[in-house]
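Read the structure below first, then the notes.
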Amino acid sequence: MEFFATAGNIPVHIQDSQKGGKTIILLHGYLETMYIYNELYDTLAPDYRVITMDLPGHGLSCSAPVNTMDIMATVVKGVLDVCGVKEATVAGHSLGGYVALACCSMFPEVFTKLVLLNSHPYPDPAEKSADRDREASLIEVGKLNSLAGISIPKMYYIENLRRCDDKIRETIELCETHDPSGIVACLRGMQQRPSTEAFLASVKIPVLGVMGDNDNFIPMEKINAMKESFPAVRFEIITNCGHNSFVEETARVRELLSDFV
């Protein structure tokens, strides 16, 4: 069921399967909407209660002036409150992973397992922050859709582009639903996010990291460094896969999530 509700003082677009014992909430990445998870949602829903949402600033959800990770985590917690869920596994893709880390840090009694889908705990280095400034400038002069057309295909391993073409086209088209000021607010929030390395190094809950071996944004060098720095995290590397593992290899990610949850 799709509906709108106010969570954390922000109107939010939500999808909730409503049935199932254990709950998984899926958080999408930058320039995506909750519909990026349609295929994974459909494979999980027979066995779990699955909730997705448009994060603040994306899709049909409203935005804070700056969508910090803490603000978005508070909204995610509010969505579970609206849905009457007391405990859940939170899985986040890229930006959604940054939010998921904040969820687990702020509300450990609610978010009892964490899945990082092609995401990491590091803050923006100076060069990445500068890239976000450039993106914000383009969006502010009406170039959001052009930016999406360039950026979104880069999320996929080049060998998977043709197979994933329909999903790529859908994601780009759905960027029409974004409020450009909301996307800029998310860029500012990502620039401001703190490191969550200390949290992940001493984490007390189970954590699964799902990574692609051909991710343009998280190279294997960084993944291997994460494996050394965060030994308590279970890392799974999906071969022939880019930044959108759950789209490129839906069945494999579904298998990993089911085993983990």
Side-chain angles (χ1 to χ4, degrees), residues 6-12 25-34 36 53-59 61-79 90-108 110-111 114-141 143-144 147-148 151-152 154-155 175 178-203 207 209 215-218 222 225-226 229-230 243:
T6 298
N9 297 318
I10 292 178
V12 184
I25 184 164
L26 302 171
L27 308 179
H28 65 75
Y30 173 62
L31 295 182
E32 297 171 347
T33 68
M34 67 184 189
I36 194 71
M53 57 182 285
D54 288 343
L55 286 171
H58 287 78
S61 292
C62 292
S63 179
V66 175
N67 290 315
T68 66
M69 302 307 106
D70 285 2
I71 285 174
M72 290 200 279
T74 300
V75 173
V76 175
K77 165 64 163 57
V79 167
V90 58
H93 172 234
S94 197
L95 162 62
Y98 310 151
V99 178
L101 281 159
C103 287
C104 295
S105 177
M106 295 172 68
F107 308 105
V110 176
F111 301 99
L114 168 64
V115 182
L116 297 175
L117 298 169
N118 306 89
S119 193
H120 60 77
Y122 307 112
D124 274 359
E127 61 271 22
K128 185 63 177 180
S129 183
D131 286 343
R132 298 201 198 279
D133 281 334
R134 285 188 285 271
E135 287 192 29
S137 296
L138 289 170
I139 292 167
E140 288 168 344
V141 296
K143 300 293 187 181
L144 173 57
L147 178 66
S151 300
I152 289 171
K154 293 179 181 177
M155 297 181 183
C175 285
H178 301 322
D179 177 355
S181 64
I183 297 298
V184 171
C186 287
L187 286 168
R188 300 308 182 204
M190 285 189 283
Q191 286 177 312
Q192 294 178 20
R193 77 182 188 280
S195 168
T196 48
E197 295 166 73
F199 170 79
L200 203 56
S202 59
V203 69
V207 183
D215 189 324
N216 290 321
F217 302 96
I218 309 178
K222 179 177 278 190
M226 289 171 64
S229 298
F230 313 113
H243 193 61

Who passes side-chain hydrogen bond (donor to acceptor under 3.5 Å, both in side chains) against [X], sequence neighbours left out?
{"X": "T6", "answer": "none"}
{"X": "S63", "answer": "N67"}
{"X": "E197", "answer": "S195"}
{"X": "D54", "answer": "H13"}

Is [Y] close to [X] at the side-chain level, that is, under 4.5 Å between some pair of heavy atoms?
{"X": "L55", "Y": "V76", "answer": "yes"}
{"X": "V99", "Y": "C103", "answer": "yes"}
{"X": "L144", "Y": "L31", "answer": "yes"}
{"X": "M72", "Y": "L95", "answer": "yes"}
{"X": "K222", "Y": "D215", "answer": "no"}
{"X": "I139", "Y": "L187", "answer": "yes"}
{"X": "P121", "Y": "F230", "answer": "yes"}
{"X": "S94", "Y": "N118", "answer": "no"}

Which pair of heavy atoms, one from [X] and one from [Y], lies closest together, and at what distance?
{"X": "I25", "Y": "F111", "answer": "CG2-CE2, 4.3 Å"}
{"X": "I152", "Y": "C175", "answer": "CD1-SG, 3.9 Å"}
{"X": "L114", "Y": "A100", "answer": "CD1-CB, 3.6 Å"}
{"X": "V90", "Y": "C104", "answer": "CG1-SG, 3.6 Å"}
{"X": "A185", "Y": "P65", "answer": "CB-O, 3.4 Å"}
{"X": "G57", "Y": "C186", "answer": "CA-SG, 4.3 Å"}

Give a yes or no on whether N216 atom CG has more than 12 heavy-atom contacts from other residues, nucleotides or ligands under 6.0 Å away.
->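 Yes, CG of N216 has more than 12 neighbouring heavy atoms, counting only those of other groups under 6.0 Å.
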Crowded around K154 NZ? As in, over 12 foreign heavy atoms under 6.0 Å?
->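 No, not enclosed.
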Just verifying a value: how many Å separate [X] [atom1] and [Y] [atom2], rounded to the nearest 0.5 Å?
{"X": "D70", "Y": "Q192", "atom1": "CG", "atom2": "CD", "value": "10.5 Å"}
{"X": "L27", "Y": "E32", "atom1": "CG", "atom2": "CD", "value": "11.0 Å"}
{"X": "M69", "Y": "M190", "atom1": "CE", "atom2": "CE", "value": "6.5 Å"}
{"X": "K128", "Y": "E135", "atom1": "NZ", "atom2": "CD", "value": "6.5 Å"}

Using the test salt bridge (Lys or Arg N to Asp or Glu O under 4.0 Å), find all partners of D133 that sit at least two apart in sequence or belong to another chain.
-> R188
Qualifying residues under side chain to side chain contact (heavy atoms under 4.5 Å, CB included), relative to [X], sequence neighbours excluded:
{"X": "D179", "answer": "S181"}
{"X": "S229", "answer": "none"}
{"X": "I71", "answer": "I10, A64, T68"}
{"X": "S119", "answer": "Y98, L116"}

Under 3.5 Å, is there a donor-acceptor pair between the side chain of S105 and the main chain of L101?
-> no
Set of residues satisfying ring-ring contact (aromatic ring centres under 6.0 Å, His included) with respect to Y122, sequence neighbours excluded =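 Per chain and number, Y122 pairs via ring-ring contact (aromatic ring centres under 6.0 Å, His included) with H120.
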For H243, enumerate each residue passing the ring-ring contact (aromatic ring centres under 6.0 Å, His included) test, keeping only those at least two apart in sequence or located in another chain.
->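 Here the qualifying residues are H93, F217.
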What do the steps show when you test M34 against L26 for side-chain contact (heavy atoms from CB on, under 4.5 Å), and what is the final call?
-> CA-CA 8 Å; M34 67 184 189; L26 302 171; over 6 Å; no
